[in-house]
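Here is the structure we will look at, set down as structure tokens.
A quick note: this is a predicted structure, and the numbers were derived from the prediction, not measured.
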Amino acid sequence: MRTTLSDASYGKSEVRLVKVSRRPDGHDLLDLTVDVSLGGDFDAAYVEGDNTGLLATDTMRNTVYALAKERPVDEIESFGQALVEHFLASGPGVRSARAQIVEHPWDRLEIGGLPHEHAFQRGSGGNRVATVLRSGGETRIEAGIDDLVVLKTTGSGWEGFRRDQYTSLPETSDRILATSITARWSYGGRDIEFGASWRGVRQAILEAFSDHHSPSVQFTLHHMGEAVLDARPEVVRISFSLPNRHHLLYDLGRFGLENENEIFHATSEPYGVIEGTVERTQGDAL
């Protein structure tokens, strides 16, 4: 039997990096999870057991910490570019390098109305994500957000959907809409102020989630995508994954009580997942 190795990559995942930048008037805290992956000509290792061309994944982990010490980590996109450029030069067989970075938010504590110099609490509002891929001389940067949990107590319904012999769900014109937003977007250029852009996209998503009556999660997904593209000209496309965090009216009638859209059972399983991509048309793209 003849075989061929058609694709090969390897790397280091879940590298947990915390960097404390110590200024005279206070400290800054950065909390990251970094995944690194290399692709290329690794046939000798895979097929013949010859490891001379491979960089150890332990070395990849060490590199993440060393580069974080040697250079500022102002924007995770820039740090990702530094990582992939370093790893592309790590061996002749490396053809591509990818770094995915998740930034976990921390907020500075306020004591007596003033920000504390070195005390923090876990932040909310979603994790910032960036993926940098360099291959064939081209660099692609994708930004994103994970675990942006949002909910509105009214302004959403689910009516007029297709029914068949197995349908049991009643229609409703007023329900709780809740989801944990995962979004990924691509830029149309490279001269981007990444931090300001990420914050702007996040704000556009939040405003669009709240500013309309939602007949479905599908409609809200498209509405949020259009809002981002309208507000941020540097973004050419955005993809969403929206799990439906169901809040079901609890039956209080058996206790002689009327539930006037007040008491809900929050359940996470099973749940619907709505996904889609909104992008600029050819003539509107940058």
Separation between [atom1] of [X] and [atom2] of [Y], rounded to the nearest 0.5 Å:
| X | Y | atom1 | atom2 | result |
| --- | --- | --- | --- | --- |
| L54 | T52 | CG | OG1 | 7.5 Å |
| E75 | Q81 | CD | CD | 11.0 Å |
| I263 | L248 | CD1 | CG | 13.5 Å |
| I205 | I181 | CD1 | CD1 | 6.0 Å |
| L83 | Q100 | CG | CD | 12.5 Å |
| L252 | E260 | CG | CD | 10.5 Å |

same_hphob_cluster([X], [Y]) at 4.5 Å side-chain heavy-atom cutoff:
| X | Y | answer |
| --- | --- | --- |
| V278 | V217 | yes |
| I192 | V228 | yes |
| V84 | V94 | no |
| L30 | V18 | no |
| I145 | V102 | no |

side-chain contact (heavy atoms from CB on, under 4.5 Å) evaluation trace for F120 with D107:
CA-CA 5 Å; F120 302 83; D107 295 330; over 6 Å; no
Output yes when a side-chain donor or acceptor of [X] lies under 3.5 Å from a complementary backbone atom of [Y], and no otherwise.
| X | Y | value |
| --- | --- | --- |
| R280 | L229 | yes |
| T4 | S6 | no |
| H212 | A208 | yes |
| R108 | E117 | yes |
| R202 | G125 | yes |
| S197 | F194 | no |
| D43 | Y46 | no |
| Y65 | R16 | yes |
| T57 | G11 | no |
| R232 | A204 | no |

Heavy atoms only: give me the nearest [X]-[Y] pair and the separation to one decimal.
| X | Y | value |
| --- | --- | --- |
| G188 | V236 | CA-CG1, 3.5 Å |
| G144 | W198 | O-NE1, 2.7 Å |
| L151 | A178 | CD1-CB, 3.7 Å |
| N51 | A45 | OD1-CB, 3.9 Å |
| G253 | D251 | N-OD1, 3.0 Å |
| A99 | G80 | CB-O, 4.1 Å |

So does [X] have more than 12 non-hydrogen atoms from other groups sitting under 6.0 Å from [atom1]?
| X | atom1 | value |
| --- | --- | --- |
| R71 | CZ | yes |
| R162 | CZ | no |
| E193 | CD | no |

Looking just at side-chain N and O atoms, do [X] and [Y] make a donor-acceptor pair shorter than 3.5 Å?
| X | Y | value |
| --- | --- | --- |
| D164 | T167 | yes |
| T139 | R134 | yes |
| T277 | S239 | yes |
| E207 | Q203 | yes |
| H104 | T33 | yes |
| E275 | S241 | yes |

Given R245 and T179, is the side chain to side chain donor-acceptor pair (under 3.5 Å) satisfied, shown in steps?
CA-CA 5 Å; R245 297 283 185 88; T179 187; over 6 Å; no
So H223 and F219, would you call those rings parallel, tilted or perpendicular, with 30° and 60° as cut-offs?
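Rings of H223 and F219: parallel, as their planes differ by under 30°.
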Which word best sums up how the rings of F264 and H247 line up, parallel for under 30°, tilted for 30 to 60°, or perpendicular for over 60°?
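F264 and H247: perpendicular rings.
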Using salt bridge (Lys or Arg N to Asp or Glu O under 4.0 Å) as the criterion, list what pairs up with E279, not counting sequence neighbours.
R237
Apply side-chain contact (heavy atoms from CB on, under 4.5 Å) to the pair L242 and M224, showing each step before the final yes or no.
CA-CA 11 Å; L242 306 178; M224 293 191 300; 3.9 Å; yes
Stepwise, does the side-chain contact (heavy atoms from CB on, under 4.5 Å) test hold for N244 with V273?
CA-CA 6 Å; N244 202 333; V273 179; over 6 Å; no
Between [X] and [Y] (salt bridge meaning N to carboxylate O under 4.0 Å), is one present in this structure?
| X | Y | result |
| --- | --- | --- |
| K12 | D35 | no |
| K152 | D211 | no |
| R128 | E77 | yes |

Sub-6.0 Å ring centroid separation between F42 and Y10
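Ring centroids of F42 and Y10 are less than 6.0 Å from each other.
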Measure the shortest side-chain to side-chain distance between [X] and [Y] over non-hydrogen atoms and say whether it is less than 4.5 angstrom.
| X | Y | answer |
| --- | --- | --- |
| L38 | M60 | yes |
| N127 | P105 | yes |
| F87 | L55 | yes |

As a quick check of understanding, evaluate side chain to side chain donor-acceptor pair (under 3.5 Å) for S214 and T220, giving each step before the final call.
CA-CA 6 Å; S214 173; T220 292; 2.6 Å; yes
Taking side chain to side chain contact (heavy atoms under 4.5 Å, CB included) as the test, write out the residues that go with D74, two or more places apart.
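Result, side chain to side chain contact (heavy atoms under 4.5 Å, CB included) vs D74: P72.
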Mind checking side chain to side chain contact (heavy atoms under 4.5 Å, CB included) for E171 and listing every partner two or more places apart, or none if nothing turns up?
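So E171 forms a side chain to side chain contact (heavy atoms under 4.5 Å, CB included) with E159, F161, R163.
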Could you walk me through whether V36 and R98 pass side-chain contact (heavy atoms from CB on, under 4.5 Å), step by step?
CA-CA 6 Å; V36 175; R98 179 178 60 86; over 6 Å; no
